[in-house]
Amino acid sequence: MAQTSGSQRPPVHVTVTGAAGQVGYGLVFRIASGQLLGPDTPVVLRMLDIEPALPALEGVAMELEDCAFPLLADTVATADANVAFDGVSWALLVGAMPRKEGMERGDLLTANGGIFGPQGRAIAARAASDIRILVVGNPCNTNCLIARANAPDIPSERWFAMTRLDENRARAQLARRAGVPVAQVTNMAIWGNHSATQYPDAINARIAGRPAPEVIGDDAWLRGEFISTVQKRGAAIIAARKLSSAGSAAAAVIDSVRSIDGGTAPGDWTSLAVPSRGEYGVPEGLQFGFPVVSDGATWHVVEGIEHDAEANDRLRVTTEELLQEQSLVRELIPV
Ligand SMILES: NC(=O)c1ccc[n+]([C@@H]2O[C@H](COP(=O)([O-])OP(=O)(O)OC[C@H]3O[C@@H](n4cnc5c(N)ncnc54)[C@H](O)[C@@H]3O)[C@@H](O)[C@H]2O)c1
């Protein structure tokens, strides 16, 4: 399906894996309408899913066609990773194996390793030279680590796993508690794993430019209920919707890419899981959630943030969980 783009710019190829799934459905229309890469950049949307999902994926492709998005130069729907990642500049790795009843964490990690290892190799073989990758499919930090390890020629700073949904959830909770618009909540970092061990750090967040603890005035809430609400928000959505977060996850994908590509606001940062270079004592190479500043061309982990003993304890717990995940998939990581 080819459409004529009104723009003179060459289209950018974007891959969404698991595009027939829930998050994929929330995401592809936003990408095709220009919300990911902006109103001047035509897009070729390359959608990957597994063979049994191809009929559903064809339906998504038909709907995209029916939107007549001026920026959508073409769509590709395939079950072949080599086709999906051909010439791609952004790979959004959403598709993953869900946890099934009775499945141990180790089994889940290994099953996903069987997806993300080959996808890493296909990206290395087929993607454009400016490829960047955002892993959403869970367990996203370790899935990203596996894909990255299987694509050693792609610079490590091109690999991201998504902690932005947790950041957005945290900002919304703080805004609601403080009674301010969410845009006034800044500097909200999610540290560590995108899991229940993550550390949402409100102590260093700011509300209307002031330290969040000063504005909220309730340390017990900030250190207790706030943290557990953010950590367990995914489970609360499942309990309410009988389906996991999809619209908010797709929104967080858009936010993540726009922060990396368009840069973070002056004085603010965003949350992304990136390969550790040893910052804050986190073992090198772990795909770890940090506060990140981007100028649109390069990014770096924000250094010098202070943590008290309780925060350090939480950082230790989430680091240990990631190290344990890494050890469970050791055989999927080429040395
Ligand atoms: N990081 C985050 O904040 C965050 C937020 C929400 C969801 N997630 C994760 O995103 C993933 C997708 O969630 P969902 O609600 O869309 O799930 P879903 O089950 O609705 O969709 C998953 C899709 O992935 C496809 N898939 C499975 N194996 C694949 C493979 N090898 N290659 C390509 N596609 C494959 C499935 O066929 C399905 O269409 C899940 O792992 C979920 O836990 C992460």
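We use all heavy atoms of the structure for the numbers below, so side chains are in, but hydrogens, waters and symmetry mates are not. It should be emphasised that the depicted structure is a prediction, and the values quoted were computed from it without experimental measurement. Both ligands and their constituent atoms are indexed starting at 1 by order of listing. Note that the numbering runs from 1 along the sequence shown for the chain.
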Flag for [Y]-[X]: side-chain donor and acceptor within less than 3.5 Å:
X      : Y      : result
Asp166 : Gln231 : no
Thr197 : Glu321 : yes
Asp130 : Ser89  : yes
Thr142 : Gln326 : no
Arg169 : Ser245 : yes
Asn168 : Arg164 : yes
Thr75  : Arg46  : no
Arg121 : Asn150 : yes

field: atom 13 (O) of ligand 1 touched by protein (heavy atom, under 4.0 Å)
entry: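 True for atom 13 (O) of ligand 1.
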
query: Is atom 1 (N) of ligand 1 less than 4.0 angstrom from at least one protein heavy atom?
result: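 Yes, there is one.
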
Once you restrict to heavy atoms under 4.0 Å, what part of [X] touches ligand 1? Side chain, backbone, both or neither.
X      : value
Val94  : both
Val23  : both
Cys140 : side chain
Asn138 : both
His194 : side chain

Provide the number and element of each atom of ligand 1 under 4.0 Å from a heavy atom of [X].
X      : answer
Ser245 : 6 (C)
Ala20  : 39 (O)
Gly137 : 9 (C), 10 (O), 11 (C), 41 (O)
Gln119 : 32 (N)
Ala96  : 24 (O), 27 (C), 41 (O)
Ser244 : 15 (O)
Leu165 : 3 (O), 5 (C)

- request: Give a yes or no on whether the ring-centroid distance for Phe290 and Trp299 is below 6.0 angstrom.
  value: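 Phe290 vs Trp299: aromatic centres not under 6.0 Å.
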
Worked check of side chain to side chain contact (heavy atoms under 4.5 Å, CB included) between Asp49 and Thr17: CA-CA 6 Å; Asp49 213 297; Thr17 73; over 6 Å; no

Counting heavy atoms only, name the option from [options] that's nearest to [atom].
atom                    : options                       : result
atom 28 (N) of ligand 1 : Leu93, Ile50, Val16, Asp166   : Ile50
atom 6 (C) of ligand 1  : Ala84, Ala249, Gly18          : Ala249
atom 25 (C) of ligand 1 : Asn112, Leu243, Asp49, Leu134 : Asp49

Please state which protein non-hydrogen atom is closest to [atom] and give its distance, to 0.1 Å?
atom                    : result
atom 44 (C) of ligand 1 : Val136 O, 3.0 Å
atom 22 (C) of ligand 1 : Gly21 CA, 4.2 Å
atom 15 (O) of ligand 1 : Gln22 NE2, 3.2 Å

- prompt: Under 6.0 Å from the six-membered ring centre of Trp159 and within 45° of its axis: does the NZ or CZ of Arg132 meet both?
  reply: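 No, Arg132 does not sit over the ring of Trp159.
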
- prompt: Ion pair present between Glu310 and Arg223, side-chain N to carboxylate O less than 4.0 angstrom?
  reply: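 Result for this pair is yes, salt bridge flagged.
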
- request: Could you tell me whether some N/O pair between Met97 and ligand 1 is separated by less than 3.5 angstrom?
  value: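 Looking only at distances, the answer is no, because the N/O contact criterion of under 3.5 Å is not met.
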
message: So, applying ring pair (Phe, Tyr, Trp, His ring centres under 6.0 Å) with Trp191, which one of Phe288, Trp269, Tyr280 is it?
response: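 Only match with Trp191 under ring pair (Phe, Tyr, Trp, His ring centres under 6.0 Å): Tyr280.
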
message: Check for me whether Arg164 has a heavy atom closer than 4.0 Å to any atom of ligand 1.
response: no

